[in-house]
Amino acid sequence: MADLTSSESSSVNQASQPGFLKCLIGALIAGALGFGLYRLTQAIALSFAEHPLASDNQTAITISIAVRTLVVGVCTMGTGVFGIAALGLLVLGIQTLLQRWQAKSQPPSQS
């Protein structure tokens, strides 16, 4: 494998990093999906609260409670995953932007 000089290594590293705009767009998409799932979770939980179980069979009630818990849990998990992804992409975009500003402000090294 060929050895890379520091200038080649930094150019390869900068080329493999996503740009600030891509990170921002990804964060907006993930945030929108997270917000949509949050609203969906609220609507599902409210619907479940407004419509109590109408059964005398204990097995049916137990299964129904398990399914309701599973549905709300999956929606809540999706909300959390997309929320964390949006936050991570936003921080990555800021980090990329700061690294590019630092690279522009440093004079080129003479080796």
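The basis for the numbers below is simple: all heavy atoms, side chains too, and nothing from hydrogens, waters or symmetry mates. Since the model is a prediction, treat every value here as computed from it, not as a measurement. Positions are given from 1 along the sequence.
- By the side-chain contact (heavy atoms from CB on, under 4.5 Å) test, Asp56 is found to be paired with no residue, residues two or more places apart in sequence or in another chain being considered.
- Contacts classified as side chain to side chain donor-acceptor pair (under 3.5 Å) and involving residues 68-91 (residues at least two apart or in different chains) are not found.
- Through side-chain heavy atoms spaced under 4.5 Å, either directly or across other Ile, Leu, Val, Met, Phe, Trp or Tyr residues, Val74 is tied to Leu70.
- In the hydrophobic clustering (ILVMFWY side chains linked at under 4.5 Å, chained through shared members), Leu33 is joined by Leu21, Ile25, Ile29, Leu37, Leu40, Ile44, Phe48, Ile63, Val67, Val71, Val72, Phe82.
- Of the residues Leu97, Leu98, Thr96, the one that meets the side chain to side chain contact (heavy atoms under 4.5 Å, CB included) test with Ile94 is Leu98.
- Grouping Ile, Leu, Val, Met, Phe, Trp and Tyr by side-chain contacts under 4.5 Å, direct or through others, puts Val81 with Met77.
- Considering all non-hydrogen atoms of both residues, Ser55 and Ala60 come closest at OG-CB, 3.9 Å.
- One distance of note links CD of Gln95 with CG of Leu90; it measures 12.0 Å at 0.5 Å rounding.
- Looking at residues two or more places apart in sequence or on another chain, you find a side chain to side chain donor-acceptor pair (under 3.5 Å) between Gln42 and Tyr38.
- A pairwise comparison of heavy atoms in Pro18 and Leu92 identifies CG-CD2, 3.9 Å as the closest pair.
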